[in-house]
Amino acid sequence: MVDEAEHSLSDALSVLSQTVRDACIVLDGGCSEMLMSRAVDETARKAKGKKAIPMEAFAHALRQIPTIVTDNAGDDSSDLVTCLRAAQYKGQTAPAWRLERGTTGSMRKIGIMRVLSWNGRSCSVPARLQR
């Protein structure tokens, strides 16, 4: 039990130090994936010919991430994607699924974010936080 508490404290300190040092933070709760999916979908609509097919597949794959997380939490993932997409198209800029309520909400207002480490070229989730 002491080891687990030690690991939790270490994780918290790691997140805090990376937030202060690097400040690479994205909205969580499926928000980032859904926003990226919409951007890829919009780009795919403008693409000519076969180039649109892999773009549409990638947009679909991005929507699968919050779907899988919701399934694992025991919630209704079929409702998830349709609600998040509807919220986006209604103009909500940071929609996300609130598992505890089964509704959509604004991740900016809720304050649920993901801290990423920045190495100058790309962001990645710290290894200890990927469990």
Output every pair passing salt bridge (charged side-chain N to carboxylate O under 4.0 Å, His left out) with a member in residues 47-61, not counting sequence neighbours, ordered by first then second residue.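 Passing the test, one end in residues 47-61: no pairs.
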
Determine the minimum heavy-atom distance between M55 and V40, stating which atoms define it.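 Nearest heavy atoms, M55 then V40: O-CG1, 3.1 Å.
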
Looking only at non-hydrogen atoms, find the nearest pair between A52 and A44 and report the distance.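 Scanning both residues, the minimum pair turns out to be CB-O, 3.4 Å.
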
pair R63-D41: side-chain heavy atoms closer than 4.5 Å: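 In contact.
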
Can you sort out the partners of R38 under side chain to side chain donor-acceptor pair (under 3.5 Å), two or more places apart, ordered by chain and number?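 If we apply the side chain to side chain donor-acceptor pair (under 3.5 Å) test to R38, skipping adjacent residues, the hits are E42.
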
Holding to side-chain contact (heavy atoms from CB on, under 4.5 Å), I want the full list of residues that pass it with A61, two or more places apart in sequence or in another chain.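 With sequence neighbours excluded, A61 shows a side-chain contact (heavy atoms from CB on, under 4.5 Å) to no residue whatsoever.
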
Going by side-chain contact (heavy atoms from CB on, under 4.5 Å), name the residues that satisfy it together with T67, two or more places apart in sequence or in a different chain.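 Listed in chain order: Q64, D71, S77, L80, V81.
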
Ignoring hydrogens and angles, tell me if any N or O in the side chain of S37 forms a donor-acceptor pair with the backbone of E33 under 3.5 Å.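 No, S37 side chain to E33 backbone: no donor-acceptor pair under 3.5 Å.
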
Tell me whether F58 shares a hydrophobic cluster with M36, the cluster being built from Ile, Leu, Val, Met, Phe, Trp, Tyr side chains joined at under 4.5 Å.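 Yes.
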
